[in-house]
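Right, one structure below, let's go through it.
Whatever order the structure lists ligands and atoms in, that order sets their numbers, starting from 1.
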Amino acid sequence: MLLDSHGRQATKLRISVTDRCNFRCTYCMPEEGLVWQDRAALLSYEEILRLARLFVDLGVTQIRLTGGEPLLRRDLPVLVKGLKALPGLQKLAITTNGTLLEQLGPALYAAGLRSFNISLDSLDPVRFQASVRRDALQQVLNGLHSLSRWPDCEVKLNTVVVRGHNEDEAVAFARLARLHGWQARFIEFMPLGQDDAWAQHSVVPGEELRQAIDRVYPLKMLAPAGKNPAARWGFVDGTPGEVGFINSVTEPFCHSCNRIRLTADGQLRTCLFSLRETDLKSPLRQGLGDAELIARIQDAIWQKEAGHLIAQPQFERPLRTMSRIGG
Ligand code: SAM
Ligand code: SF4
């Protein structure tokens with residue numbers, strides 16, 4: 001088991017497959033982009049699968065592929081297929097900006113992927129472009145709607161809400177969720193970008209959005225945040241679809257955090273806001289055996305942080321952007 005010294009068990013692993021991205025979201029990356037890591041620095045699929053197998057043997061039941069933009073990594077369906085074959089893995093999901101989904105969705109579906117989180121900050125093309133610095137709303141919507149051909153896929157929308165930019169679209173996203181039976185999730189803006197774009201006053205508390213939606217579409221709680229980062233709410237009138245609120249800043253759920261992250265360059269991070277990482281790539285490449293790798297993993301997780309310190313004077317922003325951590 002992967003226990004930490006605060007009594008929590010790590011059961012969810014996010015694997016970043018690349019630090020590259022075709023967007024430049026204002027809250028994530030600078031406009032000019034970042035210096036991409038050399039391909040040789042990234043874990044190969046073989047290396048990812050070896051580590052994933054160890055994590056699953058140690059009690060991880062869910063894996064999420066992320067990035068950067070994960071669909072930019074060549075032959076991603078090969079990795080999906082390999083992960084799907086891991087005995088003990090209950091769920092495999094992906095978080096994507098959706099630009100390549102229309103094109104790559106069929107191969108990912110054929111490889112066994114059934115759970116898609118699509119990031120979508122605005123339904124207005126001008127606002128969307130301002131947010132991601134690319135004119136690509138229609139492309140993302142095409143990708144999103146292309147998933148409708150597979151009714152057995154779980155679809156969630158991720159919207160990072162920034163004050164003065166998109167908080168007035170909460171009801172429109174809830175309407176979309178009702179129309180298609182999706183889950184529309186609102187993520188509080190976190191201090192992880194490199195642009196210094198974050199400020200406390202830019203954070204829109206999820207509760208404010210929940211109340212705005214509730215006034216139009218009355219909501220009932222389905223599950224509080226805890227094992228899942230999102231507090232989930234359904235519609236009182238029984239319409240399918242849900243809304244979720246990831247209130248990482250105003251209502252931190254660190255006490256029940258069950259998530260860990262593996263960066264594309266093979267570093268284990270026990271918290272989004274970790275200031276330290278555990279190198280798994282070097283020992284892997286030096287030929288360490290499973291037992292030694294497991295000891296390294298267990299030791300890192302035992303030292304998992306109690307919680308983040310956002311908005312407190314001691315808070316230190318991690319050096320990596322969200323795109324380099326794997327959000
Ligand atoms: N490129 C993919 C995408 O955007 O879906 C996957 C990687 S992205 C880093 C994962 C998620 O992190 C996205 O939903 C994105 O909106 C979110 N994110 C990035 N920076 C953030 C920030 N500063 N605060 C809150 N969420 C953030
Ligand atoms: Fe790229 Fe995702 Fe970061 Fe946007 S949030 S810049 S899509 S990695």
Side-chain angles (χ1 to χ4, degrees), residues 12 14-34 36-37 63-73 76 93-101 104 108 115-122 128-137 139-140 143-144 147 155-163 165-167 173 183-200 202-206 209 229-230 244-250 252 259 261-264 269 272-273 308 310-311 315 317-327:
K12 296 186 179 177
R14 293 174 186 231
I15 301 179
S16 173
V17 293
T18 180
D19 61 325
R20 288 166 198 246
C21 192
N22 51 355
F23 277 4
R24 299 287 181 273
C25 301
T26 50
Y27 45 75
C28 182
M29 265 206 218
E31 187 161 14
E32 64 280 11
L34 296 164
W36 308 133
Q37 288 176 306
I63 291 181
R64 174 171 299 283
L65 297 174
T66 180
E69 174 43 43
L71 299 195
L72 290 178
R73 178 92 186 234
L76 193 63
I94 197 164
T95 300
T96 169
N97 67 23
T99 43
L100 298 170
L101 203 51
L104 298 177
L108 291 168
S115 183
F116 296 82
N117 282 16
I118 322 295
S119 301
L120 182 59
D121 293 334
S122 174
F128 184 86
Q129 183 165 356
S131 178
V132 310
R133 300 189 177 109
R134 295 289 183 269
D135 179 11
L137 177 60
Q139 205 179 331
V140 174
L144 176 61
L147 296 174
V155 179
K156 295 180 193 165
L157 301 179
N158 280 356
T159 303
V160 177
V161 185
V162 179
R163 176 79 68 200
H165 174 65
N166 59 351
E167 74 268 34
F173 276 109
Q183 187 189 119
R185 309 185 329 157
F186 303 95
I187 307 176
E188 287 182 352
F189 182 18
M190 292 181 278
L192 281 160
Q194 260 195 356
D195 269 356
D196 264 344
W198 189 87
Q200 182 75 50
S202 304
V203 178
V204 180
L209 303 171
F245 303 91
I246 303 183
N247 301 342
S248 329
V249 179
T250 62
R259 286 169 294 282
R261 293 176 158 81
L262 181 63
T263 66
R269 294 179 61 89
L272 255 184
F273 297 94
H308 70 62
I310 300 176
F315 177 71
R317 192 185 288 233
L319 289 175
R320 284 184 189 255
T321 62
M322 189 72 136
S323 63
R324 280 200 169 140
I325 295 171

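- Between Leu104 atom CG and Leu76 atom CG the span is 8.0 Å, to the nearest 0.5 Å.
- Taken to the nearest 0.5 Å, the CE atom of Met322 stands 4.0 Å off from the CE atom of Met190.
- Using modelled atom types and a 3.5 Å distance limit, the side chains of Arg269 and Thr263 yield no donor-acceptor pair.
- In the candidate list Gly68, Cys28, Cys25, Gly68 is nearest to atom 6 (C) of ligand 1, counting heavy atoms.
- When heavy-atom distances to ligand 2 are checked against a 4.0 Å cut-off, Cys25 comes that close through both its backbone and its side chain.
- Against a heavy-atom cut-off of under 4.0 Å, Gly67 is close to the following atoms of ligand 1: 7 (C), 9 (C).
- When Val160, Val132, Thr18 are checked for heavy-atom proximity to atom 15 (C) of ligand 1, Val160 turns out nearest.
- Backbone and side-chain nitrogen or oxygen atoms of Ser323 are examined, and none is located within less than 3.5 angstrom of a nitrogen or oxygen of ligand 1.
- Each of the atoms 7 (S) of ligand 2 lies under 4.0 Å from some heavy atom of Asn97.
- When all heavy atoms of Asp19 and Met29 are compared, the closest pair comes out as O-CE, 4.2 Å.
- For atom 3 (Fe) of ligand 2, the nearest non-hydrogen atom of the protein is Cys28 SG, 2.5 Å.
- Between Phe245 and Phe186, the ring planes are parallel. Angles under 30° get that label, and only those over 60° would be called perpendicular.
- Nearest protein neighbour of atom 1 (Fe) of ligand 2, counting heavy atoms only, is Cys21 SG, 2.2 Å.
- Using 4.0 Å as the threshold, Gly68 has a heavy atom nearer than that to some atom of ligand 2.
- Residue-to-ligand polar distances keep Ile187 apart from ligand 1: every N/O pair is separated by 3.5 Å or more.
- Side-chain contact between Glu31 and Arg24 is absent, with no heavy atoms from C-beta onward closer than 4.5 Å.
- Remark: the Thr99 side chain and the Glu69 side chain contain no N/O donor-acceptor pair separated by less than 3.5 Å.
- Every N/O-N/O distance between Asp121 and ligand 1 stays at or above 3.5 Å.
- For ligand 1, the atoms closer than 4.0 angstrom to any heavy atom of Asn158 are 14 (O).
- Residues Trp36 and Thr18 have side chains not in contact (no heavy-atom distance under 4.5 Å, counting atoms from C-beta outward).
- Listed by atom number, the atoms of ligand 1 under 4.0 Å from Thr66 heavy atoms are 6 (C), 7 (C).
- Within the model, atoms CG of Asn117 and CG of Leu65 stand 11.5 Å from one another, a figure rounded to the nearest 0.5 Å.
- Between Phe173 and Ala184 the shortest heavy-atom distance is O-CB, 3.8 Å.
- Each of the atoms 2 (C), 3 (C), 5 (O) of ligand 1 lies under 4.0 Å from some heavy atom of Asn97.
- Between Thr159 and Asp121, the closest heavy-atom pair is CG2-O, 3.7 Å.
- Considering each of Arg185, Met322, Glu69, Glu188, the one bringing a non-hydrogen atom nearest atom 17 (C) of ligand 1 is Met322.
- Near Ser323, with a cut-off below 4.0 Å to any heavy atom, the atoms of ligand 2 are 8 (S).
- When non-hydrogen atoms are compared, ligand 1 lies under 4.0 Å from neither the backbone nor the side chain of Ile325.
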